[in-house]
Structures are given as C-alpha cells and as structure tokens.
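In what follows, every heavy atom counts, from backbone to side chain, and hydrogens, waters and symmetry copies are set aside. Along the sequence shown, residues are numbered consecutively beginning with 1.
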Amino acid sequence: MGILAPFIIQIGILYLYSSIRYQIIDSAIITVILLLIFPTIVLYVLFPLTLIYVGQYRRRISNKLHSEMDIIMYGDHDEDDTLEISKTLSEIKFNYQQNPNITKRVNEKLIPLLTSRAIESYQNNFYSRENKIQAEVSLNYFESLFHFAILNGVFFIINTILLIRMKFASVNLYFIKLDKIDEFGIFIGLLIIFLSVVILSVFIFRFSITRIEIFLPYVLPILFTENKDEKYLRRQTIRSLLSFDMDNLLERRDQHKYGKLINSSIEKLVEPLLNEELLITASKEFAHKIAWREYSALIQNDLIDKGFWQSTPLERLFIGLKIGDLQIDYKDLFGMNSDLEFILDILNNWKKKSKDTKLIAYFRLYRVVEYIIKEIGKVLDIRKESDESVYTILKVLYDMKKIDSKQLSMLQELRHRRNKLMHQPGISIQISREVFIENIDILNFLLEGIENL
C-alpha cells in the first residue's frame, strides 16, 4: 500500500480533473493505469534497497551499534544483574571506551562486519517475514509509510511544477489536456494544497525513518536495547495474567464451574505476549552470539598477524576456547575479554597510568577473579550448604589442595580490599603492579589444574 496508494491518489486527481473540467472521464487515463503496473512491481521488488539507501540505514545501524557498544561489551543487564561490580563501574562513569585497544578493534572492524550482516539479512528476509510479534507488524506499517511519503512527495512536487506551468499556458499530456488556469484564486488555492502535501510528506518521511530505526533491530541479527517501558509492561502483564487470582473475580462456589473458561481465556491472552517475549529474548541472544563469533575471529586473526598465539590458560579461556571442562558462556566473553585486555594494558604501561585508572583496573581484576573462581566452583561441583560465595569456594579449593595458604591469603586479601572500596566511600588504598601479576598467576595456576584434570 505504501507504493500503490500514491499512484491511486494521482489517478484519482486525474479522474477528478477530467470529470469536473470536461464532464467526462477520458478513457485514455486507463492507459496510465496499465502503464503504472510495471513501475509499481519494480518499486516493490526494490523496496529493501530503497529503504537502505534513501533512508541511509547502513549509517544509522552503524551509529546505533556505536552508541550501544557497552551492551556488546557487558550485555544488557536487567534488574536481575548478578555482577554487582558492573554497577560500581557504572557509578564511577566507566565504559568500554576507556580501553583503547578494544575501542579501536570494535570501531574499525567489528561494527562494519555487524552492519553488513544486518543489511544482508534485511535484504534476504524482507519478503519472508511471518509477523510473529507486534514489533514486526509495526515495522511493516512504518516501512509502507516511508515509501508512501517518498512517492507522494515526488508526485506532488511534479504536480506543483505542472500547476505553475498551467498558470501561464495549457499543458498537453499524452493522455489528458490540462488547461491554462486563469483564476488566480484557484491557482493559489491549489498551490497551497500541493505544497502542504509536499511538506506533510517530508514530515511523514522523517517520522517513519525514526520509527523504523526503533523497530528494525527486532527483525535483524544485531544488538539492540528494547524500550524499557515496553519490556516492563509486557513482562508485568505476563506475570499478572499467570498469577491471576480468581478470588477477585468469582465467588469460590463459582470458580470450579467457570475455572476452565477463565484459564482458557488467560492462555489466549498470555500466548501472544509470551511468544513476543521469547522471540525478542532469543533474537537478542542470537545477535550477541554472532557479535562474539565475529569479534573472536578478529582477535585470533590479530594474534596470527602479530606472529604469536595466546599462551596462558586465562587468555585462551577469554577468547572462547575450552580449558578442561570450563568454557565461558558467550554472553560474558566480551566483558571478560575487555577486562583482561584493559588489565594487561595497565600492567604494560604501569608508570604512565593515573591512580584512578589503576583503581578501575583493580575493580576489573576482582571481577575477573570472582567470575573465574565461581566458574571453577561449578566445574568442580563445589557446593556447601547451598553457599556458593567466593569465600566458600576459596576455602573448599584450599581444603582440596588446589591452592596453598599463600594463594588463599592473596585472593582473600583482594576480596577484602575490594569490599572496603565498595562499602567505605572516600577510602584510599595502595595498589601495586605485583598484586595484579600475582592474582593473574593464581588464576592461571588454577586453570592449568582444570586443564589437566
């Protein structure tokens, strides 16, 4: 309809002019209808390309990825975020851009790769959408609005040019003759109407572009943030329906009688919302997995180009390789790899780094240590009265002789000092380069043990 409607409007204007001016409907206009069939089909076939190039969506998708790169690095944490340290880092206004190596690689290589993949997917899947979620229906609507605005604007610009020409002389088209307009009032009235339609088309064009940009990620394998209000409302609606209390609606004596009817109605209401929730979540996870696969390949190619390979278990683990039975979930790989690169950069340029930067690195060191210790605890099936805290896991590792007393003391000291920084505002601690190196060595020692199991 975004393509057909502008053509229909123009044909309607021609028929209206012919019937008012000559009191007849010129059969030659039927030729126009037949002639418009071919360009309509062509425009429909070229629909995705028009949107991509006229709407400049390659640039828009790239800009969106740039602005949301922290999601690629650390994931889209909700209220159930399990890494408390990520909140601490956000409080001190830290983001991935403080790691220049990560930023350069992502901006120069990863974002163009993800953008090209998204564009290719849009072109390939445009005609095979199944409109399973409301976002896809909304996207279809605004895509139609986008093309309607373009074609309608172009047609009414042509109409305006013809109108100005008709002010001075008749215009003899192949299928209809447009007489000279002698009445100045009619000319001005039509000119205002045509220009108003052009302006309205420009407004619709700009509006549809912004709305398409919002809904486009729902159908493409690219990372995106969903509107928090929409996500919250959808999830709360699902929870409310699933936990519906029939006592608020029926007396207990009637609940058994109408229970099946109410449950059936609830299922019908919940099903589309649940489908939408599952599809959106799966789409975001799929996009994150693709992003990590491309990023991991970039890291490995960089290492090959430099003539060496990651040598330590920790480095191998953080590019997605398996160490024994331990392998990091792809959702966490970006953040962990970014943390390790940042820490190694600090160690290689220790004297040049400020105290605040070293403090940020200290937080990130703890995050790496905490994460690895918990993952090792899962691999070794360490559980003690349902307590799987870092402190408990470290004690069990010591009892299992996986670490000695000095290593245990070092890791406990890291945890203790991190807690002081977290919970005692204004406190200052001395951070040495040796602390970083010793803690990383302990992690590599533990991972070597996992690798040799």
Just distance, no hydrogens or angles: give the donor-acceptor pairs under 3.5 Å from side chains in residues 203-213, sequence neighbours left out.
from, atom 1, to, atom 2, distance (Å)
S208, OG, I204, O, 3.0
S208, OG, F205, O, 2.9
T210, OG1, F207, O, 2.7
E213, OE1, R60, NH1, 3.2

- [ ] Using a 4.5 Å cut-off on heavy atoms from C-beta on, say whether the side chain of R367 contacts that of F363.
- [x] no

Open item on the list: Quick test of your reading of the model: are R117 and E120 salt-bridged, counting only N-O distances below 4.0 Å?
Closed with: no

Open item on the list: Measuring from atom CG of L216 to atom CD1 of I61, what distance do you get when rounded to the nearest 0.5 angstrom?
Closed with: 5.0 Å

Open item on the list: Looking at every non-hydrogen atom in both residues, tell me the closest pair between L317 and L326 and how far apart they are.
Closed with: CD1-O, 3.7 Å

Task: I199: side-chain contact (heavy atoms from CB on, under 4.5 Å) partners, not counting sequence neighbours - done: none

Task: side-chain contact (heavy atoms from CB on, under 4.5 Å) between V198 and F194, intermediate numbers included - done: CA-CA 6 Å; V198 172; F194 288 178; 5.6 Å; no

- [ ] Would you check if I346 and I360 make a side-chain contact, meaning some heavy-atom pair closer than 4.5 Å?
- [x] no

Task: Neighbour count above 12 (heavy atom, 6.0 Å) for K358 NZ - done: yes

Open item on the list: Just to verify, what does L278 make a side-chain contact (heavy atoms from CB on, under 4.5 Å) with, not counting sequence neighbours?
Closed with: L274

- [ ] Drop me the distance from L65's CG to L113's CG, to the nearest 0.5 angstrom.
- [x] 11.0 Å

Open item on the list: Looking at R239, is its backbone amide N or carbonyl O close enough to the side chain of S243 to form a donor-acceptor pair, meaning the two atoms are under 3.5 Å apart?
Closed with: yes

Task: Flag side-chain contact, heavy atom, 4.5 Å: I450 against D325 - done: no

Task: Side-chain touch T237/V270, heavy atoms, less than 4.5 angstrom - done: no

Open item on the list: Testing the basics here: between P272 and K268, what is the closest heavy-atom pair and its distance to 0.1 Å?
Closed with: CD-O, 3.1 Å

Task: Atom of L314, atom of N444 and distance for their closest heavy-atom approach - done: N-OD1, 3.0 Å

- [ ] Hey, could you give me the CG/CG distance between L365 and L340, rounded to the nearest 0.5 Å?
- [x] 10.0 Å

Task: F146 CZ to E143 CD distance, which is reported to the nearest 0.5 Å - done: 9.5 Å

Task: Interatomic spacing from CZ in F156 to CG in L200 - rounded to 0.5 Å - done: 10.0 Å

Task: Parallel, tilted or perpendicular: ring planes of F142 versus F215, cut at 30 and 60 degrees - done: parallel

Open item on the list: Checking the side chain of N439 only, and the main-chain atoms of V435 only, is there a donor and an acceptor separated by less than 3.5 Å?
Closed with: yes

Task: Heavy-atom closest contact (E276 atom, A135 atom, distance) - done: OE2-N, 4.5 Å

- [ ] Determine the minimum heavy-atom distance between Y57 and L51, stating which atoms define it.
- [x] CD1-O, 3.2 Å

- [ ] Please name the pair of heavy atoms, one in S201 and one in G153, separated by the smallest distance, quoted to 0.1 Å.
- [x] OG-N, 3.6 Å

Task: Sub-4.5 Å side-chain heavy-atom contact between L446 and I442 - done: yes

TODO: Would you mind reporting whether V137 and Q134 have side-chain heavy atoms less than 4.5 Å apart?
DONE: yes

TODO: Take D441 and F436 through the side-chain contact (heavy atoms from CB on, under 4.5 Å) test and state the conclusion after the steps.
DONE: CA-CA 9 Å; D441 287 343; F436 284 82; over 6 Å; no

Task: S62 side-chain N/O to R58 backbone N/O, donor-acceptor pair under 3.5 Å - done: no

Task: Partners meeting side-chain contact (heavy atoms from CB on, under 4.5 Å) with S354 (sequence neighbours left out) - done: D356, T357

- [ ] Could you tell me the separation between the OG atom of S144 and the CG atom of L4, rounded to the nearest 0.5 Å?
- [x] 10.0 Å

Open item on the list: Can you confirm whether I440 sits close enough to L347 that some side-chain heavy atom of one is under 4.5 Å from a side-chain heavy atom of the other?
Closed with: yes

Open item on the list: Whether the side chain of D345 engages the backbone of E341 through a donor-acceptor N/O pair (distance < 3.5 Å, no angle test) should be reported.
Closed with: no

Open item on the list: Holding to side-chain contact (heavy atoms from CB on, under 4.5 Å), I want the full list of residues that pass it with S240, two or more places apart in sequence or in another chain.
Closed with: none

Open item on the list: Quick one: does any side-chain atom of R433 pair with a main-chain N or O of W350 as donor and acceptor, under 3.5 Å?
Closed with: no

TODO: Return yes if some donor-acceptor pair links the side-chain N/O of D339 with the main-chain N/O of V368 below 3.5 Å, else return no.
DONE: no

TODO: Go through the steps to decide whether L273 and L241 satisfy the test side-chain contact (heavy atoms from CB on, under 4.5 Å), and finish with yes or no.
DONE: CA-CA 10 Å; L273 293 171; L241 288 170; 4.2 Å; yes

Acceptor/donor pairs from residues 407-415 side chains to any protein atom, 3.5 angstrom cut, sequence neighbours excluded:
from, atom 1, to, atom 2, distance (Å)
Q407, OE1, D404, N, 3.0
Q412, OE1, R415, NE, 3.0
Q412, OE1, R415, NH2, 3.4

Open item on the list: With heavy-atom distances below 4.5 Å as the criterion, would you say the side chains of F445 and K402 are in contact?
Closed with: no

Open item on the list: Determine whether I393 and I376 satisfy the following criterion, side-chain contact (heavy atoms from CB on, under 4.5 Å), listing intermediate values before the conclusion.
Closed with: CA-CA 9 Å; I393 295 173; I376 290 175; 5.8 Å; no

